[in-house]
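The block underneath contains the structure these notes are about, expressed in structure tokens.
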Amino acid sequence: MSRLRRDPRSEWQARRVPAAGSSATRLRYALGVEAIPATEVAVGPTGRPRRDPRTAVARLAVPGTARLRLDRSGLSRSVTGAGAVSAAPQEKLVIVEAPDFWVLALVEAPGGQPTPHDRQVLGAARLLAGPGAREGGGGVILVSAEPVTGAGRLGADRVVTLPVLAGDPVAAAEALAVLAGHFSARHLLAPESPLAGDLARRTAALLEESLFAEAELVSADQVARRRGAGRLEERRRPPRCLTIGLDRVAMHGGSLHEARELAFSASASTASASAGSILSIGPVERDAATVPLAEAEFVVSAGNGVTDFDLFRQLASALGGVPGASRVVCDAGLMPRDRQVGASGTVLTAAGYFALGIAGAPQHLQGIAGVEHVVAVNTDLHAKMIERASLAVVADAQAVMPALLALLEAGE
Amino acid sequence: MKAVVLLSAGLHPVSARPAPVPVEMQAIALARTLGAAAAGLHAGPGGPGVADALGHGLARIGHLPLARGADPLEALVNHLAAHPPELVLAGRCGQGGEDSGLLPYALAARLGWPLIADAVALEMQGPGVLAVRQALERGGRRTITVRLPAVVTVHPAAPAAAAFAWGQARRGVLEVLPVPSGFAGDAVPAPELRPYRPRPRLIRGAASGGSAADRLKAATESAAADGKLMVGPSPEEAAREILAHLRKLGLVPPRQPR
């Protein structure tokens, strides 16, 4: 779709030499390589012209390819030049007006941003619904508590926003069951995560359906999951309620869908017998000191560049991060072994990593391979951790720690 | 207080021999922290794995004998409605059967009781009111207060189960309870089963239909391509920049106005 499209006719027109004087009857075209522009030819100290081979190569390089391609004929430049057909034609929007059936995809999308797991659930929903705009195909309805950005790109034909999903799970499950009944949804999909998996099970129980939990393989006519103490695989045609395991189904990567907003009020839901039994739901607490390293969201980690570990622990708790350490520190007995980050310790799933005085051994970098944002403080400019970090500070970690703590204590 | 722990006929994940399900043994330990008179309840074919639960701290297990592969829901609903306890505890997910974790939800929906998932601690807050500490993802915890009777499922992060005690297992009673003829449960249609073979997980961020080069890029390229580098700043300057960066990413909560 994004390939350059050549128009040979306009290419020839672009090479045409303007007619001059008596030769006006004959069309003339300039063929072959263009002359080297005068700006690339410098005059050397002896007065002889000198060519810079690097600029010549840069001029011949074809833009937009990952691999270096040199075009000595000059054809690709004339494509991008005047008179060429515009590249990348407008992407067609897939509009599904009246599908044969609906697939509901429940996503968590905290703050309106779909997580990778959410994208995979929509990819699975797209697989079950078919590509859309075709006879016998289905449509995908994205269901979330708040509006999701880029829903059309993820493959959603319709979008339903139900704020009730963020609150009491009993009311949320009732709203989902009503929604599934309203659209006579053929499938209801959810990510297999603690909150969404709970909601899917509640909804399946209300609909009196079985649940195909943590599906590992999804296609339009078959789904598979693990069962029997992890020793057996169950295969069947796709049932009504499914939850999708993490990193099992690829996200939707094809057509752009409409993501039309649908207004739906869940007020039609009936109050169940157990509705008044939940007296209060407390706020979510995360005590950074007790969270296992593998579950942590933000890890503050100490390496050989840290000597004052009381200060380090104070800083970690002030930043709200889970304390971690490198292998050297754990071997020295300065931090417990269960705090070790790396291939021989814990492989992190955190979103952020703050490395203090860690150079970044390959085994340590394996442990943070899945971390998106890394901040590093190290005295060595050429350390691997400095290369890996999105914010790298070449400084003494032992000096930066009290400054950070002072800033946090001053309320900044 | 009367509590019932639901027990399933588990299999060991490695040897496939009958074995108690670990999270159900943790449920027994949680019931004992309440000082409750906990009894086990099993609806199914029974077996040595179920009887082993006696050694983990139960004095009595009621057994509703059902054929292998029969749906235990009707028998459990019938029994619990006739002899209602105040609290029903279950594991988060079985081990050896369907392993979908749906049964406690279906049971709660049929009984009309509330269900609290993933408990790691229980505490009585007065007569008939229970505070459940719930485990959430990323190590989060929250407390939910619920009026009994209720169904509570137990998370693997709950305190460890009591060790198996031989004498207790000998003293415990496994009582076979009658199952009325209409409640034996229909046989679930046998699904297509085959030995499990692990599948590789997908590479995150690579779209379906992408090329091998896309997948390699998604697997090897770090997200932080626009790395910012500060060489030899003063500690205060470095601290200010680090804090601003962490706040921009939402990793550190924003500044509290004073």
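Order of the sequence lines sets the chain letters (A, B, ...), proteins ahead of strands, with each chain counted from 1.
- Using a 4.0 Å cut-off between charged side-chain N and carboxylate O, A:Arg225 and A:Glu214 make no salt bridge.
- Note on A:Ile386, A:Leu319, A:Asp198, A:Val322: by heavy-atom pairs under 4.5 Å with chain B, the leading option is A:Asp198.
- The greatest number of non-hydrogen atom pairs below 4.5 Å with chain B, out of A:Leu381, A:Val291, A:Thr349, is found for A:Thr349.
- Counting heavy-atom pairs closer than 4.5 Å to chain B, the top-ranked of the candidates A:Ala392, A:Ala213, A:Gly123 is A:Ala392.
- A 4.5 Å side-chain heavy-atom check between A:Leu356 and A:Leu315 finds at least one atom pair inside the cut-off.
- In this structure, B:Arg133 does not pair ionically with B:Glu123, as no charged nitrogen and carboxylate oxygen lie closer than 4.0 Å.
- In this structure the side chain of A:Val393 never reaches within 4.5 angstrom of the side chain of B:Glu241, judged on heavy atoms.
- Contact of B:Ala109 with chain A is made through the side chain alone, with heavy-atom distances under 4.5 Å.
- Contact annotation for A:Val284: both backbone and side-chain heavy atoms come within less than 4.5 Å of a heavy atom of chain B.
- If you measure heavy-atom distances from B:Pro104 to chain A, you find no contacts under 4.5 Å at all.
- Of the listed residues (A:Ala403, A:Gly282, A:Gly228), the greatest number of heavy-atom pairs within a distance under 4.5 Å of chain B belongs to A:Gly228.
- Using a 4.5 Å cut-off between heavy atoms, B:Ile242 touches chain A through backbone and side chain atoms alike.
- For B:Glu237, no part sits under 4.5 Å from any heavy atom of chain A, backbone or side chain.
- The ring pair (Phe, Tyr, Trp, His ring centres under 6.0 Å) check on A:Tyr353 picks up A:His364, with sequence neighbours excluded.
- With contacts defined as side-chain heavy-atom distances shorter than 4.5 Å, the pair B:Trp113/B:Leu107 does not qualify.
- B:Glu192 pairs by the side chain to side chain contact (heavy atoms under 4.5 Å, CB included) definition with A:Gln222, A:Arg235, B:Arg194, not counting sequence neighbours.
- Contact count against chain B (heavy-atom pairs under 4.5 Å) is highest for A:Ala205 among A:Pro283, A:Ala224, A:Ala205.
- The stretch residues 395-402 of chain A places A:Ala395, A:Ala399, A:Val400 near chain B, each with some heavy atom under 4.5 Å from a heavy atom of that chain.
- Contact of A:Arg201 with chain B is made through backbone and side chain together, with heavy-atom distances under 4.5 Å.
- Applying the side chain to side chain contact (heavy atoms under 4.5 Å, CB included) rule to A:Gln366 yields the partners A:Ala343; only residues at least two apart in sequence or on another chain are considered.
- For B:His155, no part sits under 4.5 Å from any heavy atom of chain A, backbone or side chain.
- By the 4.5 Å heavy-atom criterion applied to side chains, B:Tyr196 and A:Arg231 are not counted as neighbours.
- Comment: B:Glu86 does not engage B:Arg147 in a salt bridge, judged by the lack of any side-chain N to carboxylate O separation of less than 4.0 angstrom.
- For B:Val132, no part lies near chain A; criterion is any non-hydrogen pair under 4.5 Å.
- There is no contact between A:Phe212 and chain B, counting heavy-atom distances below 4.5 Å.
- Only the side chain of A:Val377 comes within contact range of chain B, judged by heavy atoms closer than 4.5 Å.
- Contact check on B:Arg199 versus A:Glu233 returns a salt bridge, with a Lys/Arg side-chain nitrogen under 4.0 Å from an Asp/Glu carboxylate oxygen.
- In this structure, chain B has no heavy atom under 4.5 Å from any part of A:Leu405.
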